There are 2 protein chains.
Amino acid sequence: MAGRRSDTRERIQQVALELFIDQGYEKTSLREIAERLEVTKAALYYHFRTKEDIVVSLTEDFGDSLEELLEWAPGQPRDEILRRFADLVAGRFGPVMAFIQANQNAMKELQVKSEFPEQLKRLFALISLDDRDPAARLRARLALVAILLGNSPMLLDEEDDEMSGEVALQVALELASPRSGSPGLAP
Amino acid sequence: MAGRRSDTRERIQQVALELFIDQGYEKTSLREIAERLEVTKAALYYHFRTKEDIVVSLTEDFGDSLEELLEWAPGQPRDEILRRFADLVAGRFGPVMAFIQANQNAMKELQVKSEFPEQLKRLFALISLDDRDPAARLRARLALVAILLGNSPMLLDEEDDEMSGEVALQVALELASPRSGSPGLAP
DNA sequence: GTCTATAAGTGGATAGAC
DNA sequence: GTCTATCCACTTATAGAC
């Protein structure tokens, strides 16, 4: 606590996150992370017991924040919920979000088995008013996906400058708002 | 051409696809594929020169079909385009589609660099009427994502039985249909 | 807190017998 | 067309010096 402490641990997290997003979790070796930081692999093992531990440290804060959101959300207006979720993924957890999206497959095999899919599901339920209607459920998902897309390079071309988080939120709100009469489409 | 030929090649493709979807491309070793088929790794190398070649063989038919769709699409009604796309990803290319979605990161590193992202972008452009409006662009993407989600376990819970491709198509059509007046949301 | 050295294992890929 | 046997690069992870 007292006195100066090296920030190596945080630098490891930072570089690891970057590489995991860029190349994927499995493709990124500890050697590579160490080289970037100009330390040795062994130094990494001083700060983290396993490679998996790095991922855990990366995602746990995000999971906690999502949990808070989920506890607060019930009873709140839908657009407030969506806005707060948008703030989360666009804010300091943006990179973590990008990591999770880009490495779902890898996460499955990890012990952590991040709670994220389950949390997302609960969020679906909260913002989809009538979850009896399959179309409404899909719209709820898409509202969240809209927000995710607004912040992720996943299905996006890189040079999409105008696609701000605000726009994504607008579209998300449209999707989450109740339909007029027929839930279907115009003929 | 004439005479009986072993179907090992196709069985390799089948098993590999399954494992790539389930565990991810990198996590799936050739040893594992071989074991499932009860052959040796070396046998795999008779049919495919590299691990990457398996992926190529898996995606190239899909790419061709998408290319056909893209050549046919211009001038066609939007809902026809969406329907045909839905048929594609729900039909025999469903698994391939799931593979691509689940392994975007891995594909980036491959030589193939599948044309899929670029094809998707062209499809975006085709179904988004007014691509000056960022919200319209995002909606076009979401229309396609809706179709993709309707067929993929990506952000979905597993036990979502009612979420048929038809529903997804409906929602996609809504999204791709022009807005009434304001492109924004109700205040 | 960071290092060197190395263990122990897995990966993709090849040579050559049958 | 499939096998055995092997190569070698590279991985995570540990032991122990400084």
Side-chain angles (χ1 to χ4, degrees), chain A residues 1-59 99 103 105-113, chain B residues 1-59 99 103 105-113:
Chain A
M1 304 293 182
R4 201 192 161 286
R5 199 192 90 251
S6 167
D7 63 341
T8 306
R9 190 189 153 91
E10 276 142 47
R11 290 173 60 231
I12 292 171
Q13 290 177 312
Q14 193 182 339
V15 168
L17 183 55
E18 215 170 291
L19 291 174
F20 288 165
I21 292 172
D22 217 64
Q23 314 178 330
Y25 173 74
E26 343 251 11
K27 267 269 173 116
T28 304
S29 66
L30 296 179
R31 183 187 53 72
E32 205 171 353
I33 297 172
E35 269 171 11
R36 274 238 195 159
L37 290 167
E38 290 180 313
V39 295
T40 61
K41 275 188 294 177
L44 263 50
Y45 277 98
Y46 174 80
H47 294 280
F48 298 95
R49 278 171 47 196
T50 64
K51 186 184 181 186
E52 189 167 338
D53 259 29
I54 302 179
V55 175
V56 175
S57 80
L58 246 27
T59 56
F99 161 71
N103 291 282
N105 247 323
M107 309 272 298
K108 274 198 302 201
E109 306 284 306
L110 299 183
Q111 298 275 6
V112 234
K113 276 218 171 214
Chain B
M1 304 296 181
R4 201 191 163 285
R5 199 190 91 252
S6 166
D7 62 343
T8 306
R9 191 188 152 90
E10 276 141 45
R11 290 174 59 234
I12 293 172
Q13 291 177 313
Q14 194 183 338
V15 167
L17 183 55
E18 214 169 293
L19 290 175
F20 289 165
I21 291 173
D22 217 63
Q23 315 178 327
Y25 173 74
E26 343 252 10
K27 265 269 173 116
T28 304
S29 66
L30 295 179
R31 181 187 52 74
E32 206 172 352
I33 297 173
E35 267 171 15
R36 274 239 193 159
L37 290 168
E38 291 180 314
V39 295
T40 61
K41 273 190 296 177
L44 263 49
Y45 277 97
Y46 174 80
H47 294 280
F48 297 95
R49 280 172 44 196
T50 64
K51 186 183 180 185
E52 188 167 339
D53 258 30
I54 301 180
V55 174
V56 175
S57 81
L58 245 27
T59 56
F99 161 72
N103 291 281
N105 245 324
M107 308 274 298
K108 275 198 303 199
E109 308 282 309
L110 299 184
Q111 299 275 6
V112 232
K113 276 212 171 222

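Everything numeric in this text was worked out from a predicted model, so none of it was measured. Numbers restart at 1 for each chain; the letters A, B, ... are given by sequence-line order, proteins then strands.
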**Prompt:** Can you list the residues that meet the side-chain hydrogen bond (donor to acceptor under 3.5 Å, both in side chains) rule with B:R31, with sequence neighbours excluded?
**Reply:** B:E35

**Prompt:** How long is the line joining OH of A:Y45 and C1' of D:dT14, in whole Å?
**Reply:** 9 Å

**Request:** May I have the distance from A:E52 (atom CD) to D:dT11 (atom C1'), rounded to whole angstrom?
**Result:** 16 Å

**Message:** Expressed as a whole number of angstroms, how long is the span from B:R49:CZ to C:dA15:P?
**Reply:** 13 Å

**Residue A:K51, side-chain atoms from C-beta onward, closest of D:dA13, D:dG1, C:dA13** = D:dA13

**Asked** Taking all non-hydrogen atoms of both residues, which atom of B:A34 and which atom of B:T40 are closest, and how far apart?
**Response** CB-C, 3.7 Å

**Item:** Any donor-acceptor pair under 3.5 Å from A:K108 side chain to B:G24 backbone
**Value:** no

**Item:** Pair listing, salt bridge (Lys or Arg N to Asp or Glu O under 4.0 Å) test, anchored in residues 41-50 of chain B, at least two apart
**Value:** none

**Pairs involving residues 15-28 of chain B, ordered by first then second residue, that meet salt bridge (Lys or Arg N to Asp or Glu O under 4.0 Å) (sequence neighbours left out)** = B:E18-B:R36

**Prompt:** So which heavy atom on B:V15 is nearest to which on B:L37, and how close?
**Reply:** CG2-CD2, 3.6 Å

**Message:** Heavy atoms within less than 4.0 Å of DNA chain C: which residues of residues 24-33 of chain B have one? Give them sorted by number.
**Reply:** B:T28, B:S29, B:L30, B:R31

Protein-nucleic acid N or O pairs under 3.5 Å, nucleotides 3-7 of chain C:
residue: C:dC3; atom: OP2; partner: A:T40; partner atom: N; Å: 2.8
residue: C:dC3; atom: OP2; partner: A:T40; partner atom: OG1; Å: 3.0

**Gap between atoms CZ and P, on A:F48 and D:dT12 respectively (whole Å)** = 15 Å

**Message:** Could you check whether any side-chain heavy atom of A:F99 comes within less than 4.5 Å of a side-chain heavy atom of A:V55, counting everything from C-beta outward?
**Reply:** yes

**Complete:** Rounded to whole Å, CZ of B:R9 lies from P of D:dT2 at a distance of 13 Å

**Item:** Short side-chain N/O contact to C:dT2 OP1/OP2 from A:Y46, under 4.0 Å
**Value:** no

**Prompt:** Considering residues at least two apart in sequence or located in another chain, which fulfil the ring pair (Phe, Tyr, Trp, His ring centres under 6.0 Å) criterion with A:Y25?
**Reply:** A:F20

**Fill in**
Separation of D:dT2 atom C1' from B:R11 atom CZ, nearest Å, is 12 Å

**Request:** Find the distance A:I54:CD1 to D:dA13:C1' and express it as a whole number of Å.
**Result:** 12 Å

**Fill in**
When every non-hydrogen atom of B:N105 is compared with those of A:Q23, the smallest separation belongs to OD1-C, 4.0 Å

**Message:** Does a side-chain N or O of A:T8 approach OP1 or OP2 of C:dT2 to a distance below 4.0 Å, or not?
**Reply:** yes

